Amino acid sequence: MLAFIIKRFVQSIVVMLVVGLIAFVMFRFVGDPVDQMVGLETSIEDRERLRETLGLNAPLPMQYWNFISSAAMGDFGTSYQFKRPVADMLGDRLPATLELALVSAIFALCAGIPMGVFTALYKDSVLTKLFQAISLVGISLPTFLIGILLIYVFSVQLQKLPSFGRGEVVDIAGWSTGLLTVSGLKALILPAITLGLFQMTLIMRLVRSEMMEILRSDFIKFARARGLTPRAVHFGHALKNTMIPVITITGLQLGSIIAFAIITETVFQWPGIGLMFLQAVQDVDVPIMAAYLLMIAFLFVFINLIVDILYVVVDPRIRIEKA
Amino acid sequence: MSDTLLGVKDLVVEFSTRRGILTAVDKVSFDLERGEVLGLVGESGAGKSITGSAIVGLIDPPGRIAAGTVHLAGQRIDNLPSEKMRRIRGDKIGMVFQDPLTSLNPLYTVAKQLVQTILTHKDISKKQARDRAIELLDKVGIPAADLRIDDYPHQFSGGMRQRVVIALALCADPELIIADEPTTALDVSVQSQIVGVLKKMCSEHGASVILITHDMGVIAEAADRVAVLYSGRMAEIGPVRDVIKHPQHPYTKGLMGSIPTITQEGDRLTQIPGSMPRLTDRPPGCAFAPRCEMAMDVCRQNHPEEKDVGTARVACHLMRKEGAVA
Ligand SMILES: Nc1ncnc2c1ncn2[C@@H]1O[C@H](COP(=O)(O)OP(=O)(O)O)[C@@H](O)[C@H]1O
Ligand SMILES: [Mg+2]
């Protein structure tokens, strides 16, 4: 098991180095960094001095190494536009995106799993038909359209929920949270549903198909033949066996949720890193773009690693063979 | 009541399919005495498993019991509400399935599966249930049962897993055990051990067994009586010795011709030419008539009634004159 974790860990680092290379190429070759930092009136000598202090005259592999190692230490350079360290700016914006992503994922799980189980167990119920209709909407409508629809219904027509922003936030040890105020929670509802609907649909369909597959399996038939209660059979034996793919998919989706938050954040003017990234693209603020890329990649890789480890913990077949 | 434990009468199981109603089991009747082992044989698709599932009430839609009755210890059980029937399953009737590799939940330890089953049917403490589980594993011949009980199914070999399956079926001391091809998926070397375990457990607990198999060798070794199913219908039922030595129905004769242990060694297996008719378009008369060398006109028109012939009961038009066929 330890060997397995180490192996996956090394793989993760390799992936990060490759992504780092891409970010580095972007940083180094999309425009001249020096041009972006100084004004037109700066003299050639001053530019040359800056070039030297930034290490831009060193051999490229050396520059790559410097870039990677400072990124690993949390130093992503300075924003061209705002003249602030990118790391600080990310730090300010990250809580908003993470809270949104987390609440979306929880919503997707809490709605998706019961809906999947229900539709698998009661195939002919009216509610099943309704759930399937909802899932069709979740799969086929683009995120921004769902967001706009929700805003139209709940903000414009019913005037119950805010259509933009985070509401009031409370600062706890440098982490600004919207989870502790009423207006913060209210502001979270529509974006979280918008962002989570697609994942919810995915989880519901996954749970449904896995569950139906497993309900046909021999060990379920044997469990029923032993007279176990329907509850024990459905939730103990069947649902637990569907959890491995569900954990994998949800975990992996958490990365995409954060990545796809760009669209939701734009629709709802949610002050997270996605919105910041979009603005950076408009301003060609390359350090922010490179940092965003690195961070999303890191999240994906990190989540993948965690999912693989969880997978091993849940499934004794892998756990014991790898032990 | 006599010593009859199970009475199956005119059981009909139908499946509604796209091609119409399919009668998988067609008016099958038999009784089972307490402590008796009844072999149920027939080729694949003959309706053996469906008969077993119908008895325990595990026919899922689109299938249903369309007619007939099942009595267990004098109580009619084929029309019980599902919750009542659930309490009988595992408690009064235990089942063992073909493939021990897939019969156990891979994510739970053997202990968890045994204890859960015991607690479902018995009002005892968890600790007592665990002790009982260890005792059961020990009885079915799992070495170091108290240590192995916390292992997961994949840590056992196929034969050992089938022993675990048998232990699970025996959790609540059922009066009837239905074993559906319990040895088919196993290595030849462990097959007779498993039959041995099954037989021993049942004689110790006084349980009756329906042993479903297509292996006549297993029947000869373990069963008291044997019932031969053909295309969902009973062809012949009688004491094992008589049916093996003096089969009456032409189909049974064909089957007996194909047991390697009964014919002389080195003899090739006799195969009955042709194959079983599809259940959706069974011929109007005897289902076996198209493959039967002795078929008469009446066989193609009328379905034969079951008749007592000596110790056996046979459904064949040739039986008109008592034991006339030699
Ligand atoms: N779920 C089902 N739907 C339709 N037909 C079925 C179903 N299950 C079984 N059958 C029919 O019942 C017949 C008997 O099946 P089974 O009892 O499993 O045979 P076996 O004697 O090999 O155990 C099969 O030939 C098949 O046509
Ligand atoms: Mg079968």
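Just so you know, these numbers come straight off a predicted model, no measurement behind them. Reminder, nothing fancy here: chain letters follow the sequence lines and each chain counts from 1.
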Examine whether an atom of [X] lies under 4.5 Å from a heavy atom of chain A, and if so say whether it belongs to the side chain, the backbone or both; otherwise answer neither.
X        : value
B/Thr109 : neither
B/Arg87  : neither
B/Gln98  : neither
B/Ile178 : neither

Interatomic distance, [X] atom [atom1] to [Y] atom [atom2] [nearest 0.5 angstrom]:
X        : Y        : atom1 : atom2 : value
A/Leu228 : B/Gln116 : CG    : CD    : 5.0 Å
B/Tyr108 : A/Phe219 : OH    : CZ    : 9.5 Å
B/Asn105 : A/Ser217 : CG    : OG    : 8.0 Å
A/Asp218 : B/Leu104 : CG    : CG    : 10.0 Å
B/Thr102 : A/Phe222 : OG1   : CZ    : 10.5 Å

Of A/Arg224, A/Arg216, A/Lys221, which meets salt bridge (Lys or Arg N to Asp or Glu O under 4.0 Å) against B/Asp60?
-> A/Arg224
If you count heavy-atom pairs under 4.5 Å with chain A, which of B/Ser103, B/Ala172, B/Gly94 comes out on top?
-> B/Ser103
Looking only at B/Gly90, B/Ser53, B/Gly57, B/Ala169, the option with the highest number of non-hydrogen pairs under 4.5 Å against chain A is B/Gly90
Got a sec: does the [atom1] of [X] have more than 12 other heavy atoms crowding it under 6.0 Å?
X        : atom1 : answer
A/Phe118 : CZ    : yes
B/Lys200 : NZ    : yes
B/Lys122 : NZ    : yes

Considering all heavy atoms, the nearest A/Asn241-B/Pro106 contact = OD1-CG, 3.7 Å
For B/Arg86 and A/Pro230, work out which heavy atoms get closest and say how close.
-> CD-CD, 3.7 Å
Does B/His121 reach the main-chain N or O of A/Arg226 with its side chain, forming a donor-acceptor pair under 3.5 Å?
-> yes
